[in-house]
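One structure below.
Proteins get letters first, then strands, A, B, ... in listed order; numbering begins at 1 in each. Just so it is clear, the model here is predicted, and its values are computed rather than measured.
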There are 2 protein chains.
Amino acid sequence: MNKKAQDRSEASDSVTIRSVAKLAKVSIATVSRFLNQNGYVGADSALRIRSAMDELDYVPNTSARNLASSKTWTIGLLLEHIAGDFFTPLFKGIEAEASEAGYSLVTVSTAPWKDLGAKNPPLGPHNTDGILVFADGLPEAWAERWNQSGFPMVFIQQEPPAGSSLPSVHVENTQAVREAVRHLIEAHGRRRIAFLRGQIGQKDSGEREAGYEAAIAEAGLELLPELMLEGGFDTEIACASVGAALEAGLAFDAICAADDDSAIGALRAMRERGIRVPEDVSLIGFDDQEYCTLVDPSLSTIRAPTEAVARAATRALLALFRGEEPKGRVVLPSEVICRRSCGCSKR
Amino acid sequence: MNKKAQDRSEASDSVTIRSVAKLAKVSIATVSRFLNQNGYVGADSALRIRSAMDELDYVPNTSARNLASSKTWTIGLLLEHIAGDFFTPLFKGIEAEASEAGYSLVTVSTAPWKDLGAKNPPLGPHNTDGILVFADGLPEAWAERWNQSGFPMVFIQQEPPAGSSLPSVHVENTQAVREAVRHLIEAHGRRRIAFLRGQIGQKDSGEREAGYEAAIAEAGLELLPELMLEGGFDTEIACASVGAALEAGLAFDAICAADDDSAIGALRAMRERGIRVPEDVSLIGFDDQEYCTLVDPSLSTIRAPTEAVARAATRALLALFRGEEPKGRVVLPSEVICRRSCGCSKR
DNA sequence: TTGAAAGCGCTAACAT
DNA sequence: ATGTTAGCGCTTTCAA
C-alpha cells in the first residue's frame, strides 16, 4: 500500500477543509468560498484547491456545514403509513424534485410515533428546513404550533391549519367523476347508472359521489337511491353488493365505482350472472391501478395525478424556502382513462 | 399574546442547550448528560432540567449534535430507480427498522446522479453512518472504495464487492420455483409443463429457470426445449408467445411463468382459444402482485419476502454499527401461494 | 455530582 | 482576491 492509498483509507473523516487549505496553500476561507461558489476566488487558487480536493478525496462534512449555516438542506416527509398504490409515485415525485434542488429527503412513518405518544415529532425545525405532510401524517396541534413559528410546511391531501396561508396540494375527485359519468351518458347512451360507494364519511369517497350526482342532475336524469350501492373500496364487498342488487332484480346499464377494487368486484358479480361488460353494462373505476390493463375486459378508470401532486408540493416547499408568497390551495385534475369496460376501445 | 407564547414563536431555533441550562441553573454539560443519559445527574438537577425543557419547548439541534459526536444517526438508502411493486414493502421495512432504532432514513435515487456523472455519491460517510444499497444503486467502484475504508454498507439484491465480507441479503428464486413446479407435478399430475422465460441474462430470470429445470429433472421428466417459451416479464409478449405456440400445435398441461405479468398474458392467450385454466392447463406466476386475487381465475404465484429482506438488511447494518461481525450472505425463502389457477382452491 | 473549556468542521463577517 | 477570526450548538475530557 503506497503512501497515497494509505492516506485515503484513513481519510474520509479526517480530511477536513484545513487539510485542503494547507495543501492548496490558501486559507480555509478561500476553500469555503470555492466550495460554495460565493465570494471571489482567484483562478490559480481555484486550480490548486480543486486538485488538492481530488488528491485528498475531500468531501465536506455535512453536519459542520449545516451547523455553521443553520441550514440542513433536508426536506422531511411525514406520513402515517407507508403503504398503498400511491406511495411509490408520491415518493418518486418528491425525491426527484428534492434532489434536483440539492435537498436530501428524509421520510418518517408517523403511526408508531403517534402510538408511542412521543413528545416531539421525529422531523421538524431541528433537523429539516421544512416538511411535507401527507394526509394525517402530523397531528393538527403540531401543524398549528409550527405554523405560528413560520416553519415551512406544505400539505398533501390535507388541509393546512385554520387561518394559515400555507400551501396544500390535492387531487381532484368530483370533476373527474362527473366527466366520467357524463361520458357514460353521452358517448355510450347509458341512462340507469349505478354508483358503487366507497366508505361513508371518507373524503375522497364523498367527493366522488358528488361528481356522480352532479353529472346525473346535469343530464336531467333522476337521482335514484336504489342505484347507490355499497362498494366499500373492496372487491368482496362490492361483489356481494352488486350480486345482491342483481338478484333483487335491480336493473342498470352502467356502474361507476368509487375505486378500481370495487369495480373488479362488480365485474365478477356480473360475470357470474352472465351479464356482459361492456355490452350489457358499462363499467368505470377509479385509481388506474396496474391491473386495469390486465383484467378482461380492461378497466376504464380515472387516474389521480399522484406524482404531479408530489412534485407540485415539493416545488411549493422550495418556493417557501425562497421566501416567496405561499400559493395557497392547489387542486390537480384527475384524468378519465377509457379502456374497454366502459365500451370504448376493443381491448 | 402572553410572554410564554411569545417566547415560543421566536423559539424553535433560538432555544439552545444554554437557555435550558440557565433556566435550570446548571451548566450546559449537565444538560447534555441529562439529554444523553450518560454521566451522573443529580435527581434535583434532573427535575429542574426536565421542566426547563418543557417550559422552553427545547429540541436539541441535530447538526450540532452530529458534529460534536461525529455520528449522524442517519441511514442512507441508495437505489437506482424508485419504481415497481417491491419498492413500497422494501421501503416500509427499512423505515420501520431504522426509526425503531432511532435512525433517520434518507433515500436517493441514483439514476440522475449517474447520468450527471457527478463526482461524489449523494450519500456516504460524510452524511450517513452507513448505507443500504439496493440492486445497482451504487457503482462498484464506490462500493470498493468505501469497503476499503470500513464504511458500513449492506447490499440488497446485489453482491458485495469482491473480497469484502460485508453482508448482503437476497431473495430466493430457484428453490421456490422448483417447489412450485414439483407441486404442479405431484399435486396436479401435470407432465408437460411449459416455462415462460423472463429476460435472458437477467439474474432473477435465470435463477427461476434453473428452479424449473431442477424440478423437471428431479421428477424424471424430459427437459423439452420447445416448452421454453418467451415471456419477457411482459403481458403482451407472453400473450403473443403463448398464442403462437398454441397455434403451432404445441401441447402442454401447465405453465410456470417467470412473473405474474407474463402469466396474465398466458392466461389471455389461452382464454382467447377456449383453453380453460386450471381445468385444461395449470398456471402459476411469480411476484404475488396485488391483482393476483382479483383476476379470474385467481393466480397462483410465488411471493418474494421483500419486507423481510428489507428488515434483515437494516438489522444487519445496525449490527455493523455495533461492531458485530458481518453476517455474510443471507438468502430469504420465497413462498409458493396456491390459488385457483394451478388447480388448488375454488376461487 | 458538577462546571469550565476545548473542540467538532464549517460559514460568514470583517479586515486587508 | 484573500486571510483572520468569531461563532454555530453540542459533546466530552478534565478538574474540582
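- When rounded to the nearest whole Å, the span between CZ of B:R33 and P of D:dA15 equals 15 Å.
- At most 12 non-hydrogen atoms from other residues, nucleotides or ligands lie less than 6.0 angstrom from NZ of B:K22.
- Although no hydrogens or angles enter the test, the distance criterion places no donor-acceptor pair under 3.5 Å between the side chain of A:S70 and the main chain of A:L67.
- Side-chain N/O atoms of B:Y58 include one lying less than 4.0 angstrom from OP1 or OP2 on D:dC10.
- Judged purely by atom type and a 3.5 angstrom limit, A:N147 has no side-chain atom pairing as donor or acceptor with the backbone of A:A143.
- Of all the residues in residues 24-31 of chain A, A:I28, A:A29 reach under 4.0 Å from DNA chain C with at least one non-hydrogen atom.
- Counting only heavy atoms from C-beta outward, the side chains of A:N127 and A:T74 never approach each other to under 4.5 Å.
- Out of C:dC10, C:dT11, D:dT2, the shortest distance to the side chain of A:S69 is found at C:dT11.
- For the pair A:K71 and A:F321, the cation-pi criterion (under 6.0 Å, within 45° of the ring axis) is fulfilled.
- Closest-nucleotide positions on DNA chain D for B:N61 and A:G39 were compared, and the one nearer the 5' end corresponds to A:G39.
- At a threshold of 4.0 Å, the pair A:D57-B:R145 counts as salt-bridged, since one of the basic side-chain nitrogens sits closer than that to a carboxylate oxygen.
- Counting to the nearest Å, the P atom of D:dG7 and the NZ atom of A:K71 are 24 Å from each other.
- Look at CG on A:N66: it is 13 Å from C1' on C:dC8, rounded to the nearest Å.
- Note: A:F134 and A:F155 fail the aromatic proximity criterion, with ring centroids not under 6.0 Å apart.
- For A:Q37 and C:dC10, the CD to C1' distance is 16 Å, given to the nearest whole Å.
- Between the CZ atom of A:R18 and the P atom of D:dT4 there is a distance of 11 Å, rounded to whole Å.
- Between B:L67 and B:G42, it is B:G42 whose nearest contact on DNA chain C lies nearer the 5' terminus.
- Rounded to whole angstrom, the span from the CZ atom of A:F34 across to the P atom of C:dA12 amounts to 17 Å.
- Listed by chain and number, the residues in a side-chain contact (heavy atoms from CB on, under 4.5 Å) with A:T107 are A:L77, A:L79, A:F91, A:L105, B:F91 (sequence neighbours excluded).
- Nucleotide D:dT12 holds its P atom 11 Å from the CG atom of B:L35, rounded to whole Å.
- Per the geometry, CD1 belonging to A:I49 stands 15 Å off C1' belonging to C:dC10, to the nearest Å.
- In the set D:dT12, D:dG9, C:dG9, D:dG9 carries the atom at the smallest distance from any side-chain atom of B:A68.
- Proximity of A:R65 to the phosphate of C:dG9: no side-chain N or O atom is located under 4.0 Å from OP1 or OP2.
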- prompt: Can you give the dot-bracket line for DNA chain D, using ( ) for pairs inside the strand, [ ] for pairs that cross earlier ones, | for pairs with another strand and . for unpaired bases, where Watson-Crick and G-U count if both distances are under 3.5 Å?
  reply: ||||||||||||||||
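- Residue A:S45 has a polar side-chain atom (N or O) positioned under 4.0 Å from OP1 or OP2 of D:dT2.
- Distance alone, capped at 3.5 Å, is enough to place a donor-acceptor pair between the B:N66 side chain and the B:T62 backbone.
- Regarding contacts with the backbone of D:dT11, a side-chain N or O of B:N36 is found under 4.0 angstrom from either OP1 or OP2.
- A:D129 places a side-chain N or O within 3.5 Å of a backbone atom of A:W73 that can act as its donor or acceptor partner.
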